[in-house]
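Data first, discussion second: the structure below is written as structure tokens.
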Amino acid sequence: MELNIKREELLISQLADLLVNDKHVAVGAASPIPGAAALLAKEEAKIKNKRLRVTILHSNKYNNFTDGARELFDCAAQGRIDTFFLGGVQIDGQANINLVGIGKYPKLNKRFPGSFGSALMYFVVPQIILFREEHSPRTLVNRVDFISAPGVSEDNIYRPGGPKYLLTNRALFKFNKNDKKFLLSRLNHNETIETITNLTEFNFDVDKNISEMIDPDNERIHILRKYIAPMVSEFYPEFAKRIWDV
Amino acid sequence: MNSFDKISVKEIVDEVSDGCLLGIPADYSGVPMQFTKELIKKGIKNLRLYCLPLTTIQGDMLIGSGCVSEIEAAAVTLGEFGLASRFSEAIEQNILLMKDSTCPALHAQLQATEKSVPFMPLRGVIGSDIQKHRKDWCIIPNPMNSSGIKDEPILLLPAVQLDIFVFHAACSDRNGNIQIGRRRELATLAHASKKVFVTVEKIIDEDFFENELSAATCLPALYVDGIAVAKNGAWPCALPGAYKADNNEIKNYSIAAKTKDGFNQYMKLLLSK
């Protein structure tokens, strides 16, 4: 059977692959694709008789917290969250992220919502996955206009966590903490190293084992559409309706 | 004597004065929209909003209506429905002071007030532009040796006390205890505020303290200065455990609020209802 896999489903699948070793994944604001990926990884873990806990901040059902909104940050600081997702209106080559705006702060030309919890989560969660769908020279920049949270810190800063991956709709990068640089490791279909280079303002290295993104197999798509889609509609109804019409 | 003061939404609005520091709950924890509507009708000015940790339509409406001079928050957004346009435009036109923060810092500053200590330390944040622009925050060398990191700097945040905090809840009991469920950040906000008022869907003839489950999920009347009944008082926002958000209405708002004219028309209709 030929499956017509949607772009969002491919990205969900890429993210789910990065969660297989986790025990607890948390998902914050405005993150339907990471939310779906976390729930997918949880369903697949269940099949393998493994336990993955998922906390979706904007869901009452898929949530492990009872101590108010601060519990996410306390729990993360205690080292009880393995993976968290962050985005950015701009992300630069040193993995600094900007969620605040474009222009010279505080006199911004374009204001975005704000930094949310990134300035703590980026420091304390071991695997931070940066996720930004738009892959262009205006999103992946040399230097962000505002640092909501820095990609790397001095040695005397308490920092058990930090960036591990960056996924866009065109490519997957790994982050090399020692070189303070991204490493291009997977390409979406129809992309080449050249197209990615042209669409990325910052410099990056290329993985010698670079490969193409693998489409989700029939079983994964079946789980995603049958079980995960209705779950997502509980906390991201607009997204679920647009992608799966549920 | 009654064990609590039952008042009207208008009487709550009368408690809010120009320039005061008002606590704002997040979209998931009981947004007092009916109160907000009345506050805008009153023509309140120069409010300073303290969001725990973010605001959606409530903050955007207050800003668009010219009621706010300053806002401290980790984000102002309409979530799935995009940017909070009245907020973004006010920043771009330089008519609103934004104290950019991050969620755990907003919690910690209120937690300091809960404990009546002058400041609270927080990890992370150092090296961000948030920290660089917050002149009211400071960094000191960690005076304890527990972390094992040599010359570790640590961020200190000042205690913040709110003048007034208003939120909406599903119900209160006959003694004025408020059901807040798992939304414990409402308790943090209340503990750290000089005055607290609550709008509720209903007042029920029970005593939450007679039962372990309901006792553990309430804000005791001790922290509450007055309760008003406001049916559907969070609309169009959700009320946890009671009703979902009216997403069509929030979408309509997000489209209208893209321009000043659209916003004004939307508000004129809303306030006339």
(request) Tell me, with the steps shown, if Glu152(B) and Asn156(A) meet side-chain contact (heavy atoms from CB on, under 4.5 Å). (result) CA-CA 5 Å; Glu152(B) 186 197 1; Asn156(A) 63 339; 5.6 Å; no
(request) Let me see the working for His133(B) and Phe146(A) under side-chain contact (heavy atoms from CB on, under 4.5 Å), right down to the final yes or no. (result) CA-CA 11 Å; His133(B) 284 89; Phe146(A) 182 94; 4.3 Å; yes
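For the residue pair Asn142(B) and Tyr158(A), no side-chain donor N or O sits within less than 3.5 Å of a side-chain acceptor on the partner. Side-chain N/O atoms of Arg70(A) and Thr188(B) include a donor and acceptor closer than 3.5 Å.
Heavy atoms only, all atoms of each residue included: Phe112(A) and Phe87(B) are closest at O-CE2, 3.9 Å. Looking at every heavy atom in both residues, Tyr28(B) comes nearest to Ala69(A) through OH-CB, 3.4 Å. Between Ser128(B) and Ser148(A), the shortest heavy-atom contact is CB-O, 3.4 Å. For the pair Ser101(B) and Ser115(A), the tightest heavy-atom approach, listed with the atom from each and the gap, is O-CB, 4.0 Å.
Contacts of Val144(A) with chain B are absent, with no heavy-atom separation under 4.5 Å from either backbone or side chain. Heavy atoms closer than 4.5 Å to chain A are found in the side chain of Lys251(B), but not in its backbone. The contact between Phe239(A) and chain B is made by backbone and side chain atoms together, counting heavy-atom distances below 4.5 Å. At a 4.5 Å heavy-atom cutoff, Asn98(A) makes no contact with chain B through either its backbone or its side chain. Only the side chain of Ile149(B) comes within less than 4.5 Å of a heavy atom of chain A; its backbone N, CA, C and O stay farther away. For Asn94(B), the part lying under 4.5 angstrom from a heavy atom of chain A is the side chain only. Proximity to chain B (any heavy atom under 4.5 Å) is restricted, for Asn109(A), to the backbone atoms N, CA, C and O. Looking at Ile130(B), the atoms closer than 4.5 Å to chain A (heavy atoms on both sides) sit in the backbone and in the side chain alike.
Taking 4.5 Å as the limit, some side-chain heavy atom of Arg182(B) sits within range of a side-chain heavy atom of Asn63(A). Using a 4.5 Å cut-off on side-chain heavy atoms (C-beta onward), Glu80(B) and Tyr236(A) make contact. Looking only at side-chain heavy atoms (C-beta outward), Tyr105(A) and Asp129(B) stay at 4.5 Å or farther from each other. At least one side-chain heavy atom of Asp27(B) sits under 4.5 Å from a side-chain heavy atom of His58(A). With a 4.5 Å cut-off on side-chain heavy atoms, Phe116(A) and Thr77(B) count as touching. Under the 4.5 Å side-chain criterion, counting only non-hydrogen atoms from C-beta, Lys107(A) is not in contact with Ile91(B).
Residue with the most contacts toward chain B among Lys110(A), Arg159(A), Glu71(A): Lys110(A) (heavy-atom pairs, distance under 4.5 Å). Taking chain A as the reference chain and counting heavy-atom pairs below 4.5 Å, the highest number among Ala187(B), Gly181(B), Ala73(B), Gly124(B) is found for Gly124(B). Most heavy-atom pairs under 4.5 Å with chain A: of the set Arg183(B), Glu185(B), Arg123(B), this distinction falls to Arg123(B). Listed options Asn60(A), Leu108(A), Thr66(A), Ile157(A) were ranked by heavy-atom pairs under 4.5 angstrom with chain B; first place goes to Asn60(A). Chosen from Pro32(A), Pro237(A), Gly161(A), the residue pairing most often with chain B at heavy-atom distances under 4.5 Å is Pro237(A). Annotation: maximal heavy-atom pairing with chain A below 4.5 Å, among Leu186(B), Thr217(B), Ile154(B), Leu83(B), occurs at Leu83(B).
Atom CZ of Arg53(A) has 12 or fewer heavy atoms from other residues, nucleotides or ligands within 6.0 Å. No more than 12 heavy atoms of other residues, nucleotides or ligands shown are found within 6.0 angstrom of CD on Glu212(B). No more than 12 heavy-atom neighbours from other residues, nucleotides or ligands sit within 6.0 angstrom of CG on Asp155(A). Heavy-atom contacts from other residues, nucleotides or ligands closer than 6.0 Å to CD of Glu249(B) number more than 12. Other residues, nucleotides and ligands contribute over 12 non-hydrogen atoms within 6.0 Å of the NZ atom of Lys260(B). When the shell of 6.0 Å around OH of Tyr243(B) is examined, it contains more than 12 heavy atoms from other residues, nucleotides or ligands. In the displayed structure, Lys132(B) atom NZ is contacted under 6.0 Å by more than 12 heavy atoms of other residues, nucleotides or ligands.
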Donor-acceptor pairs under 3.5 Å, side chain of residues 103-114 of chain B to any protein atom, not counting sequence neighbours: which ones?
from: Gln109(B); atom 1: OE1; to: Trp137(B); atom 2: NE1; distance (Å): 3.0
from: Gln109(B); atom 1: NE2; to: Tyr50(B); atom 2: OH; distance (Å): 3.0
from: Gln109(B); atom 1: NE2; to: Glu72(B); atom 2: OE2; distance (Å): 3.0
from: Thr113(B); atom 1: OG1; to: Val160(B); atom 2: N; distance (Å): 3.2
from: Thr113(B); atom 1: OG1; to: Val160(B); atom 2: O; distance (Å): 2.6
from: Glu114(B); atom 1: OE2; to: His191(B); atom 2: ND1; distance (Å): 2.5

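Checked by atom type and distance alone, the side chain of Ser88(B) pairs as donor or acceptor with a backbone atom of Arg111(A) at under 3.5 Å.
Within residues 79-97 of chain A, no residue has a heavy atom under 4.5 Å from a heavy atom of chain B.
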